[in-house]
There are 4 protein chains.
Amino acid sequence: MARPRSEDKRSAIMSAAIHVIASQGLGAPTATIAKEAGVSNGSLFNYFGTKADLLNQLYIELKSEMAAAALDGLPSEDDIRRQMLHVWSQWLSWATSFPEKRRALTHLGVLDDITVESRQIANNALSGISKLLERGRENGPMCNTPLEFIVSIVNAMADATIDFMINDPANADKHCTVSFDAIRRMLT
Amino acid sequence: MARPRSEDKRSAIMSAAIHVIASQGLGAPTATIAKEAGVSNGSLFNYFGTKADLLNQLYIELKSEMAAAALDGLPSEDDIRRQMLHVWSQWLSWATSFPEKRRALTHLGVLDDITVESRQIANNALSGISKLLERGRENGPMCNTPLEFIVSIVNAMADATIDFMINDPANADKHCTVSFDAIRRMLT
Amino acid sequence: MARPRSEDKRSAIMSAAIHVIASQGLGAPTATIAKEAGVSNGSLFNYFGTKADLLNQLYIELKSEMAAAALDGLPSEDDIRRQMLHVWSQWLSWATSFPEKRRALTHLGVLDDITVESRQIANNALSGISKLLERGRENGPMCNTPLEFIVSIVNAMADATIDFMINDPANADKHCTVSFDAIRRMLT
Amino acid sequence: MARPRSEDKRSAIMSAAIHVIASQGLGAPTATIAKEAGVSNGSLFNYFGTKADLLNQLYIELKSEMAAAALDGLPSEDDIRRQMLHVWSQWLSWATSFPEKRRALTHLGVLDDITVESRQIANNALSGISKLLERGRENGPMCNTPLEFIVSIVNAMADATIDFMINDPANADKHCTVSFDAIRRMLT
DNA sequence: TATGAATGAGGATTCATTCAT
DNA sequence: AATGAATGAATCCTCATTCAT
């Protein structure tokens, strides 16, 4: 029985990666990430076989965390509008509360090395949000549009909104509301 | 450096960069771009002092071209809805007609090396579109929202729509219309 | 370190090393050898203080096994020619029967890390063969040549012959005989 | 017109490689070779795409040089014995005169990265010697043995002899003669 | 004693940029 | 001005060896 592989260390590397990628981009050396995590250069490769591997897992984890945050405490018995607002608020709130995670996620999203599998897993994590949108657009003008298309658009709007909330925190709530209402007009 | 003798060569490098970046991403070596342009490795640095320099100029040029394409033949005497539809169609049409340019632009958009000046210049090129949106949202529910916010959102929707048009060309026109109508509902 | 508890494990490592080195060469990681032996990475260093140490012991063991195989069942009362043929046949037979051992031995033979002591020990193991050669060249044209020189040459011829036997198994016996006769002509 | 790729530099790298490999083995870092050649780390890769590439070219060059040395000044009108002795002497003389080249060649010979093409090219360079052996074994006891087998054996004997000549230079000539006579007995 | 996680030096290769021709 | 060879810092990953458990 040797030293067990420590979950702490794994997540230290993940956290370090978030921080370093947020500030230096995806070109950040693995060595920098390792040092930030307080771990040796080689140890990083005990936990992640490859830099791309680390990046993929990070992508999945962040997307999942984001989805979980958005769906947390969903008031299932409320009407659909209330539920959507809840999700939308929490989604944007998560992104503005953890700007580094959000920034890292933005970088990761355009990385070619993120595999299709990773993207699928991430999308599955978002299925709760998709279902909500499915109900939200029922009987509306976009009821025949492919759901993925709507998900994409809403995603894009979230990104744009988050940018504005971060750059203009004083009016963050207002931006959040404005874009939510815009989405409602789109869908209903 | 950066003292172009032949405009032909400069644009050959630009074109090569689009092609190479579209297929290999921003990590593509300058040497590859130079070769694709039929120009020597060193020559590239006579036209662009730095790789970042080349990338910035490319970013500006592509954004400008996109804006020009969108505004080309604008029916100024038509009503605002007509004009917006015209711009929207041309915009998406440009992106789907030149997928490499669009892809390169997507890559460039997230690059840290794109300076604020470059982004401003690019935004200026988009001012024609902004003005149209300004008129388009007049008296509507978003009349008090910062215009840039609306530009951002519309931009994001364009990106999302383009992705769908490229992946599902058979229904490209429908996607174009659907998202245009969605924007109209948002703004009016 | 190098304090074996179980002889089984030691020889499992040795066998694994033969297999791994034969297929991957001397650059093979100790971890690979350990895994192949069904032993932990660290355990290997309980049995052999160093990779070089393992390699040296393996070298000695293989050379000794080869010599033992060659001399096994030596018909001591037969005439010298018969005895030499016996040894020669068994030698080559061992090499072709255990191609991995032979291949590993070839790799090890050129390794700088094999110490002079190891080489001497290995040579001692070959003394039975040397003695036979000593008698075999008596009164012949090479009776005044340093015995080691003759041993070297015969060794080299064995290597060359083995290569041919392995590559052309159909004629293995013929190659064996041909080279034996050649040696006889050299020595008598 | 840029600085032309210099043949001098290429051969400086080759020479450095010989020296470094002879003393450190094939594990020698390319950086060491480059430094020894008075060339930058990266420059080495302008001349040789890969370490394996360098090693292959070195192998071919050394084998060819060895063959050329052996065949240099061949007395074509002399009888076959004389010619063979000439070749044999020059061969061994080259090896003992350039011990580093010979040592490097020994290392290279067992390297897995040497391609079959390289080995073929090298063998072609040795064809002059093969032809001589072909004539030398005519009508002798090995006239029906595959020629390559004989080449192999002679090669192996050369190696063994060279070792002895280097370790016991005082008797180098004697060793040369002794093994030549041994070969003659083998073949005739 | 056995395990396998931790370490960190080391090494091949890439690439933006410079500079001799 | 154009070329492409030269440079060397930078980076990912490997692996023998150590050591906590």
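First the proteins, then the strands, lettered A, B, ... as listed; each starts at 1.
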Tell me which nucleotide among E:dA16, F:dA6, F:dT17 gets nearest to the side chain of C:Lys51. F:dT17
Polar side-chain atom of B:Arg119 near backbone of B:Gly109 as donor-acceptor pair, under 3.5 Å: yes
Sugar-phosphate, base or nothing in reach of A:Ala34, heavy atoms under 4.0 Å: nothing
D:Arg103 bridged to D:Glu100 by N-O distance under 4.0 Å: no
Identify whether the distance between the nearest side-chain nitrogen and carboxylate oxygen of B:Asp159 and B:Arg102 falls below 4.0 Å. yes
Assert: residue with more 5' nearest nucleotide on DNA chain F, out of A:Gly27 and D:Arg5, is D:Arg5
Base-pairing assignment for E:dA20 (Watson-Crick or G-U wobble, both under 3.5 Å): F:dT3
Nearest-angstrom distance from the residue atom CZ of A:Phe48 to C1' of E:dA5: 15 Å
Taking C:Asp113's backbone N and O only, do any of them form a donor-acceptor pair with C:Asn56's side chain (distance below 3.5 Å, no angle check)? yes
Presence of salt bridge, D:Glu61 and D:Lys101, under 4.0 angstrom: no
So, with a heavy-atom separation below 4.0 Å from DNA chain F, the residues of residues 36-47 of chain D are D:Ser40, D:Asn41, D:Gly42, D:Ser43, D:Asn46, D:Tyr47
Here's a test of your reading of the structure: between D:Thr30 and B:Thr50, which maps to the more 5' nucleotide of DNA chain E? D:Thr30
Over how many whole Å does the gap from A:Lys9 atom NZ to E:dG4 atom P extend? 17 Å
Would you check if A:Ser64 and A:Tyr59 make a side-chain contact, meaning some heavy-atom pair closer than 4.5 Å? no
pair_partner(F:dT14), Watson-Crick or wobble, both distances < 3.5 Å, evaluates to E:dA9
Base, sugar-phosphate, or nothing for D:Ser6, non-hydrogen atoms under 4.0 angstrom? nothing
Roughly, in whole Å, what's the span from CD in B:Gln24 to C1' in E:dC15? 13 Å
Taking for each residue the nucleotide of DNA chain E bearing the nearest heavy atom, is the 5' side occupied by B:Ala28 or by D:Leu26? D:Leu26
Nearest whole angstrom, please: distance from the P of F:dC13 to the CG of A:Leu54. 10 Å
Quickly work out the D:Ile13 CD1 to F:dA5 P distance and round it to whole Å. 13 Å
Just the rounded figure in Å: distance from P of E:dT14 to NZ of B:Lys35. 13 Å
State, yes or no, whether a side-chain contact exists between D:Leu58 and D:Ile21 at a heavy-atom distance under 4.5 Å. yes
D:Asp113 CG to E:dA12 P: how many Å, rounded? 12 Å
Atom CZ of B:Arg10 and atom P of F:dA1 are separated, to the nearest Å, by 17 Å
